[in-house]
Amino acid sequence: MAPPRVMLKQNRGQNTAVVRKGVTTRSQNQNSLLNNVLNKQNIIGRETRAKRKAEASPAKDKMTKRTAFANITNAIGKTLGEQNRLQNKVAPQTIKTNIENNAEKRVAKATIILKAIQPPPPPLAVRPINKKGDVINDENNPNVPPKIVNIRSSLDLEKSGENSLYVSALEDVTENVKNGLMFTKFHECEKEVKVEAAEVVAPIERHEDNNEEKVLPAVTLTDDIPENLLPDGVLWDFDAENWLDPLQVSNYASDIFQYLRERENKFRIVEYMERQVCLSGWMRAMLVDWMVEVQESFELNHETLYLAVKLVDLYLSQMTVGKETLQLLGAASLFIASKYDERIPPMIEDFLYICDGAYSQRMIIKMEMNILKVVNFDLGIPLSYRFLRRYARCAKVSMPTLTLARYILEYSLMDYTTITFSDSKMAAAALLLALQMKDLGGWTATLQYYSGYTLEDIRSICITLNEGMHKKHKEALMTVRNKYSHKIFFEVAKLPLKDKLDI
């Protein structure tokens, strides 16, 4: 690299030294200056390369999931610093307008409170009445309720000038109201509203002929609770008990799961490993184990994991995949399932990061398109996890027992021999095995009623699951066991297994 021109001008008058072989070189001072310049350029070059690498690589905190109330500035497109600068640039006129709007809102809210806390009038026996039958409002009479403050004047004061922006609408309220009558009457009114809300408003029927209104008798929600005739042995009607809870959707919950059972025939998976030249059951188990680790790292929903594994099996049952593309299939399946089931799904850069840069963004998007084409863009696939939650809630199973059944069901995802079983039967068999492991009995009439399966329908599947639990996998397949050995999952993976089932 040639030295700068300034350096050449400074050293032009210096003498050169002659070596024995007749080769002419620069002086030692010029060489030292050159070395310093080159060293500084090398240092700058190394820092620039490191900075570019840091900007291109994903952040280290990508392995942590965005929580329910996380910062979503990435979606907004503005950083926190930019938002603060924009807030500091707000004009004083805008601030004044905001204060006026807030003042009007406070006045409107105070008006509602005053109407709600108006004390009820005393009985007619203690109220003075004139000859016409009207009540006499006497301010000196303690039995007559005080006059309600005219809120209109307060509203005018609020809008009159700049100095009156914070004039309270409660300035003329009596001391009794200020000292607690306000809150007492407010809670009484709130109770009355709740009682009235428990009843359905009586519908009004209008006649076009004479414009008369006919009020029909009011019907309460309690009259709509069905009284089903339960079979012998069924202890309770779970849907009827939760009929008044709108979040339970008890009026059509049984129809929903019946519909999901009918859709299972559309997503049947046949054995495909014989047609996969480069794959084996062990490689599939390693892929599922890695997907469980990704689900735990990103703290995704369990439904996301089950849907992703289902997408992998559906794709492998129709397409041939090489060994180098198997992890790409798992990452793309998780990417699709996250966008379908997560409120804030991970970004595609997160999946590129967890694959350690083995694939490009273009490859993941192309695999995503291929998977969606195979399943015909139908992602409403029945999942065993949803059936298990339904069965456990209807049978009123405790949370540790339900967690044990979830562990059994999630552990079976790595077992290739279980891919041909329907998800509803897998959920029933996992719950039965959990009841057996905790010595809580067998398949009751209540479980048979809500699941629709008898003991004969799930006995063979339950035995298969128990045999799979006894298999000792290598350290490469310990993610599920380590996950459910934590205290948050009641350490269900440490419970002793059953050598023989009583079914």
Side-chain angles (χ1 to χ4, degrees), residues 194-195 197-200 218-264 301-303 306 382-410 412 421-463 465-466 489-490 492 495 498 501-503:
K194 289 183 178 179
V195 172
E199 300 179 356
V200 180
V219 180
T220 58
L221 293 176
T222 55
D223 296 337
D224 296 333
I225 299 178
E227 295 181 0
N228 299 325
L229 183 61
L230 301 177
D232 296 337
V234 180
L235 301 179
W236 48 71
D237 191 345
F238 179 79
D239 293 329
E241 292 177 359
N242 299 274
W243 194 265
L244 299 180
D245 189 357
L247 300 178
Q248 302 289 340
V249 292
S250 300
N251 49 347
Y252 46 85
S254 58
D255 296 335
I256 290 176
F257 284 93
Q258 181 63 30
Y259 169 73
L260 292 176
R261 285 183 57 182
E262 295 174 358
R263 280 181 58 86
E264 285 183 309
N301 297 331
H302 285 85
E303 292 88 346
Y306 282 80
L383 302 177
S384 56
Y385 188 86
R386 302 184 190 276
F387 285 104
L388 175 60
R389 183 165 49 195
R390 166 69 175 176
Y391 301 159
R393 294 179 70 250
C394 291
K396 299 182 180 180
V397 175
S398 62
M399 195 61 192
T401 306
L402 174 58
T403 307
L404 176 59
R406 289 175 176 174
Y407 165 60
I408 297 170
L409 197 61
E410 190 168 332
S412 66
F421 300 141
S422 66
D423 287 70
S424 56
K425 288 185 178 181
M426 285 286 294
L431 182 57
L432 175 59
L433 181 57
L435 294 174
Q436 288 285 306
M437 291 177 62
K438 295 182 75 71
D439 297 327
L440 296 177
W443 199 247
T444 61
T446 304
L447 286 170
Q448 179 178 342
Y449 173 73
Y450 286 105
S451 65
Y453 294 118
T454 61
L455 181 60
E456 297 295 331
D457 298 331
I458 61 175
R459 177 182 283 111
S460 59
I461 302 178
C462 186
I463 295 175
L465 292 178
N466 189 36
F489 293 108
F490 304 100
V492 293
L495 295 177
K498 282 283 186 179
L501 300 178
D502 186 16
I503 50 175

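L455 places a side-chain heavy atom less than 4.5 Å from the side chain of L432. The side-chain heavy atoms of L433 and M437, taken from C-beta on, include a pair separated by under 4.5 Å. Annotation: side chain of Q448 is not in contact with side chain of D457 (no heavy-atom distance under 4.5 Å). Taking the side chain as every heavy atom from C-beta outward, F257 and P382 never approach each other to under 4.5 Å. In this structure, R386 and Y306 have side chains that are not in contact, with every pair of non-hydrogen atoms separated by 4.5 Å or more.
Remark: F387 CZ to L260 CG distance equals 4.5 Å, nearest 0.5 Å. One distance of note links CD of E241 with NZ of K396; it measures 3.5 Å at 0.5 Å rounding. Once rounded to the nearest 0.5 Å, the distance linking CZ of F490 with OG1 of T403 reads 5.0 Å. Between the CD1 atom in I503 and the CD1 atom in I458 there is a gap of 7.5 Å [rounded to 0.5 Å].
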**Asked** So V397 and L440, side-chain contact (heavy atoms from CB on, under 4.5 Å) or not? Walk me through it.
**Response** CA-CA 10 Å; V397 175; L440 296 177; 5.8 Å; no
**Message:** Applying side-chain contact (heavy atoms from CB on, under 4.5 Å) to T454 and R459, what does each step give before you reach the verdict?
**Reply:** CA-CA 9 Å; T454 61; R459 177 182 283 111; over 6 Å; no
**Item:** Check against side-chain contact (heavy atoms from CB on, under 4.5 Å), L501 and C462
**Value:** CA-CA 9 Å; L501 300 178; C462 186; 3.8 Å; yes
**side chain to side chain donor-acceptor pair (under 3.5 Å) assessment of Q248 paired with R393** = CA-CA 11 Å; Q248 302 289 340; R393 294 179 70 250; 2.5 Å; yes
**Request:** Dump the intermediate steps for side-chain contact (heavy atoms from CB on, under 4.5 Å) on D237 and D239, then the final yes or no.
**Result:** CA-CA 6 Å; D237 191 345; D239 293 329; 4.1 Å; yes
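Side-chain N or O atoms of N242 include one that pairs as donor or acceptor with a backbone N or O of F238 at under 3.5 Å. Judged by distance alone, the side chain of N301 and the main-chain N or O of E303 form no donor-acceptor pair under 3.5 Å. For R261 (side chain) and I256 (main-chain N/O), no donor-acceptor pair under 3.5 Å exists by modelled atom type. Panel note: side chain W236, backbone C394; a donor-acceptor pair is recorded below 3.5 Å. A donor-acceptor contact shorter than 3.5 Å links the side chain of D423 to the backbone of S384.
Minimum interatomic distance between S451 and W443 (heavy atoms only, all atoms of both residues): OG-CZ2, 3.2 Å. Closest of all the heavy-atom pairs between S412 and M426 is OG-CE, 3.5 Å. The heavy-atom pair separating L447 from A395 by the smallest distance is CD2-CB, 3.3 Å. Closest non-hydrogen pair, G233 versus T446, comes out as O-OG1, 3.9 Å. When all heavy atoms of K438 and P400 are compared, the pair lying nearest together is NZ-CB, 4.5 Å. Among all heavy-atom pairs drawn from A429 and I461, the shortest one is CB-CG2, 3.6 Å.
The only member of D502, L431, N466 that meets side chain to side chain contact (heavy atoms under 4.5 Å, CB included) when paired with Q436 is D502. Only one option out of T401, I408, L402 pairs with L404 in a side chain to side chain contact (heavy atoms under 4.5 Å, CB included); it is I408.
In summary, the side chains of S424 and Y453 do present a donor paired with an acceptor at a separation below 3.5 Å, with no hydrogens or angles considered.
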